[in-house]
S.K.: 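What follows is a structure written as structure tokens; I'll ask about it next.
The structure displayed is predicted, hence computed values, not measured ones.
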Amino acid sequence: MDDFALNHIYVRGEVSNCKYHTSGHIYFTLKDKGGAMACVMFAGYRKGLNFRMTEGMSVVVFGSVGVYERDGRYQLYAREIMREGVGQLYEAYEVLKKKLLAEGLFDEDHKQLIPRYPKKLGVVTARTGAAVQDIMNVSLRRNPWLQIIFCPARVQGEGAAASIVNAVHALEDYGVDVMIVGRGGGSIEDLWAFNEEIVARAVYDCKIPIISAVGHETDTTIIDYVSDLRAPTPSAAAELAVPDMRVVMGQMDSYAEALDYAMQACIDRRRRQLEGYERVFRHLSPESRIKEKRQQLMTAEERMRIMMDRKLDQAKGHLAVCVQKLNGLSPLRQLERGYAYVTDDQGHGVTGIQQVSVGRKLTVAVTDGEIEADVTEIRAVRRE
């Protein structure tokens with residue numbers, strides 16, 4: 001620009017989002033109740049800066065205004081910075097922060113846990129801008145099955161506080177699992193003091209866990225202290241709210257594999273225990289003892305059978321001897337040798353001459369029959 005005024009301009013305001021870059025450049029925002037302007041002091045001009053800028057510091061910046069081509073917005077290129085003191089907006093901010101801190105709105109005990117696997121994600125941010133796109137892109141990439149309920153709200157200018165509060169209440173009534181309240185780059189200038197207090201109290205009273213997401217990592221407002229979790233950027237908020245299902249599925253596969261291994265090890269261990277119990281049971285069971293006794297009985301039976309066979313063989317041998325003896329004494333055997341058996345007419349055996357008389361009838365038994373005879377003569381025989 002060739003305008004002399006824009007190349008030689010003084011701007012008074014409060015320092016916000018100040019960042020000392022490793023390159024030596026200083027990036028910060030100047031703001032007041034009416035607006036804000038991005039500023040940069042390149043490293044070559046820092047030689048004349050004899051103090052370090054901090055949040056809320058009131059300064060006067062001398063430099064030139066130009067257009068930052070990447071974003072298409074005006075930016076103040078600082079050549080000199082003069083310190084004026086702590087600004088009124090920062091003082092009001094500190095007063096409000098101390099007040100809410102004393103009331104317990106920042107207490108860790110009140111903060112809710114972010115659900116591990118949310119099904120419905122609520123998003124409160126501007127309808128246009130990169131924040132909503134970043135949140136949706138990151139969330140759906142991490143979990144394609146996630147339901148996202150977007151409730152647009154004004155994040156800057158008049159009515160922003162009421163718009164954000166209404167969106168938070170609407171998503172709470174809808175019943176989302178977790179909520180992201182996002183804002184554009186820089187703090188919301190018109191939510192200082194009581195307007196920011198309204199939003200802070202709505203966030204504190206909300207029954208749904210809330211993650212606050214700002215446009216830059218250096219931004220911090222009252223809402224960040226009250227919310228259940230603070231994210232440095234909208235993308236980071238989505239990562240904190242939504243688990244990466246690819247990682248979750250991988251973990252589940254690992255858990256399933258570990259569970260299978262543990263179950264198999266447990267089954268093997270129980271099987272070995274069961275086999276041990278079976279061995280003990282077989283040793284102690286009545287069936288085992290019955291089998292043992294049955295085997296003993298069979299052995300005793302076999303032994304008795306052998307002894308009985310031996311006794312029978314001995315008896316048979318003895319019987320054969322007795323038979324031989326009896327055969328030797330049998331009258332039939334005697335008859336076969338030519339002897340005869342004589343009985344009188346009364347059937348009495350005749351063993352001597354005294355038992356018979358002449359004229360008596362005698363019966364002579366031989367091997368093949370009997371002979372009837374009459375006694376005609378009796379002679380005595382001397383036996384020497």
S.K.: Taking the side chain as every heavy atom from C-beta outward, state whether Tyr77 and Val40 have any atom pair closer than 4.5 Å.
M.R.: yes
S.K.: When you compare the side chain of Lys97 with that of Val95, does any pair of heavy atoms fall below 4.5 Å?
M.R.: no
S.K.: Assess whether a salt bridge exists between Asp313 and Arg310, defined as any Lys/Arg side-chain N lying under 4.0 Å from an Asp/Glu carboxylate O.
M.R.: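 Judged by the 4.0 Å cut-off on N to carboxylate O distance, Asp313 and Arg310 do not form a salt bridge.
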S.K.: Please check if atom CD in Glu257 has more than 12 non-hydrogen atoms from other residues, nucleotides or ligands closer than 6.0 Å.
M.R.: no
S.K.: When you compare the side chain of Tyr27 with that of His21, does any pair of heavy atoms fall below 4.5 Å?
M.R.: yes
S.K.: Are any side-chain N or O atoms of Arg46 and backbone N or O atoms of Gly24, one a donor and one an acceptor, separated by less than 3.5 Å?
M.R.: yes
S.K.: Measure the spacing between CD1 of Ile135 and CD of Gln133 and express it to the nearest 0.5 Å.
M.R.: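 One finds 10.0 Å between CD1 of Ile135 and CD of Gln133.
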S.K.: For the atom pair CG (Leu105) and OG (Ser227), what is the distance rounded to the nearest 0.5 Å?
M.R.: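 Between Leu105 CG and Ser227 OG, I get 11.5 Å after rounding to 0.5 Å.
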S.K.: Among Arg271, Arg270, Arg272, find the one that has a salt bridge (charged side-chain N to carboxylate O under 4.0 Å, His left out) with Asp268.
M.R.: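 When Arg271, Arg270, Arg272 are each tested with Asp268, the salt bridge (charged side-chain N to carboxylate O under 4.0 Å, His left out) holds only for Arg271.
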S.K.: Without hydrogens or angle criteria, can the side chains of Thr29 and Ser16 be said to hold a donor-acceptor pair below 3.5 Å?
M.R.: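 Looking only at side-chain atoms, Ser16 and Thr29 do not form any donor-acceptor pair under 3.5 Å.
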S.K.: Heavy atoms, side chains only, cut-off 4.5 Å: are Ser64 and Arg79 in contact?
M.R.: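 With C-beta onward as the side chain, the pair touches.
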S.K.: So does Phe51 have more than 12 non-hydrogen atoms from other groups sitting under 6.0 Å from CZ?
M.R.: yes
S.K.: Counting only heavy atoms not in Met82, do more than 12 sit closer than 6.0 Å to its CE atom?
M.R.: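 Counting neighbours around CE of Met82, more than 12 heavy atoms of other residues, nucleotides or ligands fall under 6.0 Å, so yes.
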S.K.: Examine Val15 and Phe62 and state if one hydrophobic cluster contains both, with Ile, Leu, Val, Met, Phe, Trp and Tyr joined whenever side-chain heavy atoms are less than 4.5 Å apart.
M.R.: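 Not linked; separate clusters.
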S.K.: Could you tell me whether Glu103 and Arg201 make a salt bridge, using a distance below 4.0 angstrom between a side-chain N and a carboxylate O?
M.R.: yes
S.K.: Between Glu302 and Arg305, does any NZ, NE, NH1 or NH2 come within less than 4.0 Å of an OD or OE carboxylate oxygen?
M.R.: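 Looking at Arg305 and Glu302, the cut-off is met.
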S.K.: Restricting to non-hydrogen atoms, name the atom on Ile211 and the atom on Ala231 that form the minimum distance, rounded to 0.1 Å.
M.R.: CG2-CB, 4.0 Å
S.K.: Same cluster for Val181 and Val123 if Ile/Leu/Val/Met/Phe/Trp/Tyr side chains link at under 4.5 Å?
M.R.: no
S.K.: Salt-bridged, Asp345 to Lys361, with N to O below 4.0 Å?
M.R.: no
S.K.: Please name the pair of heavy atoms, one in Arg141 and one in Pro144, separated by the smallest distance, quoted to 0.1 Å.
M.R.: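 Smallest interatomic distance, heavy atoms only, reads O-CD, 4.5 Å.
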S.K.: Got a second to check how far Leu274's CG is from Arg269's CZ, nearest 0.5 Å?
M.R.: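 Output value for this atom pair is 13.5 Å.
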S.K.: What pairs with Arg127 under salt bridge (Lys or Arg N to Asp or Glu O under 4.0 Å), at least two apart in sequence or on another chain?
M.R.: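 Applying salt bridge (Lys or Arg N to Asp or Glu O under 4.0 Å) to Arg127 gives none.
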S.K.: Check the angle between the aromatic planes of Phe42 and His25 and answer parallel, tilted or perpendicular using the 30° and 60° thresholds.
M.R.: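 If you compare the ring of Phe42 with that of His25, the planes turn out perpendicular.
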S.K.: Indicate yes or no: at least one non-hydrogen side-chain atom of Val178 is less than 4.5 angstrom from one of Leu121.
M.R.: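 SC-SC contact between Val178 and Leu121 confirmed.
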S.K.: To the nearest 0.5 Å, what is the distance between CD1 on Ile378 and CZ on Arg360?
M.R.: 9.5 Å
S.K.: If we ignore hydrogens and angles and just use 3.5 Å, is the side chain of Asp107 paired with the main-chain N or O of Asp109 as donor and acceptor?
M.R.: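 No, because the side chain of Asp107 does not come within donor-acceptor range (under 3.5 Å) of the backbone of Asp109.
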S.K.: Kindly work out whether a path of hydrophobic side-chain contacts (I/L/V/M/F/W/Y, heavy atoms less than 4.5 Å apart) joins Tyr45 to Ile26.
M.R.: yes
S.K.: Quick one: do Ile81 and Met41 satisfy side-chain contact (heavy atoms from CB on, under 4.5 Å)? Show the steps, please.
M.R.: CA-CA 9 Å; Ile81 301 176; Met41 172 176 267; 3.6 Å; yes
S.K.: Please identify each residue that fulfils salt bridge (Lys or Arg N to Asp or Glu O under 4.0 Å) with Glu301, with sequence neighbours left out.
M.R.: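 Here no residue qualifies.
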S.K.: Verify, without hydrogens or angle tests, whether Thr233 (side chain) and Ala236 (backbone) share a donor-acceptor contact under 3.5 angstrom.
M.R.: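 Yes; judged by distance alone, with no hydrogens or angles, the pair exists.
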S.K.: With a 3.5 Å cut-off and no angle check, do the side chains of Gln264 and Asp260 form a donor-acceptor pair?
M.R.: no
S.K.: Does Glu14 use its side chain to pair, donor to acceptor, with the backbone of Leu30 at less than 3.5 Å?
M.R.: no
S.K.: Between Met179 and Val168, is the side-chain contact (heavy atoms from CB on, under 4.5 Å) condition met? List the steps.
M.R.: CA-CA 8 Å; Met179 196 183 309; Val168 169; 4.0 Å; yes
S.K.: Where do Ser235 and Val138 come nearest, in terms of heavy atoms and distance?
M.R.: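 Heavy atoms of Ser235 and Val138 come nearest at O-CG1, 3.9 Å.
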S.K.: Shortest non-hydrogen contact from Asp177 to Lys119?
M.R.: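 Distance-wise, the nearest heavy atoms are OD2-N, 2.7 Å.
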S.K.: Decide yes or no for Thr363 and Glu372: does some side-chain heavy atom of the first lie under 4.5 Å from some side-chain heavy atom of the second?
M.R.: yes
S.K.: Give a yes or no on whether the backbone of Ala153 and the side-chain of Ser163 come within a donor-acceptor separation of less than 3.5 Å.
M.R.: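 Side chain of Ser163 to backbone of Ala153: no pair is present.
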S.K.: Run the numbers on Leu100 and Glu197 for side-chain contact (heavy atoms from CB on, under 4.5 Å), then give the verdict.
M.R.: CA-CA 8 Å; Leu100 299 181; Glu197 181 178 0; 4.2 Å; yes
S.K.: Counting heavy atoms not belonging to Leu113, are there more than 12 under 6.0 Å from its CG?
M.R.: no
S.K.: Under a 4.5 Å side-chain heavy-atom rule over Ile, Leu, Val, Met, Phe, Trp and Tyr, are Leu146 and Met245 clustered together?
M.R.: no
S.K.: Does Val165 share a hydrophobic cluster with Ile180, counting links as ILVMFWY side-chain heavy atoms below 4.5 Å and allowing steps through other members?
M.R.: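 Shared cluster, no.
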S.K.: Kindly compute the distance separating CE (Met136) from OG1 (Thr125), expressed to the nearest 0.5 Å.
M.R.: 12.0 Å
S.K.: Any side-chain heavy-atom pair from Met37 and Gln75 closer than 4.5 angstrom?
M.R.: no
S.K.: Give me the atom names and distance for the closest heavy-atom approach of His169 to Ala202.
M.R.: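 For His169 versus Ala202, the nearest heavy atoms are NE2-CB, 4.3 Å.
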S.K.: Taking Lys120 for its side chain and Gly175 for its backbone only, find out whether a donor-acceptor pair lies under 3.5 Å.
M.R.: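 Checking the backbone N and O of Gly175 against the side chain of Lys120, a donor-acceptor pair under 3.5 Å is found.
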S.K.: Identify the heavy atoms of Gln112 and Cys206 that sit nearest to each other, and give their distance.
M.R.: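 So the two residues come closest at NE2-O, 3.2 Å.
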S.K.: Evaluate the ring planes of His110 and Tyr204, with Trp represented by its six-membered ring, and classify them as parallel (under 30°), tilted (30 to 60°) or perpendicular (over 60°).
M.R.: parallel
S.K.: So do the side chains of Tyr117 and Asn143 get within less than 4.5 Å of each other, counting heavy atoms only?
M.R.: no
S.K.: To the nearest 0.5 Å, what is the distance between CG (Asn17) and CD (Glu55)?
M.R.: 6.0 Å
S.K.: Please step through side-chain contact (heavy atoms from CB on, under 4.5 Å) for the pair Arg142 and Leu140, ending with a clear verdict.
M.R.: CA-CA 5 Å; Arg142 294 172 68 84; Leu140 293 177; over 6 Å; no
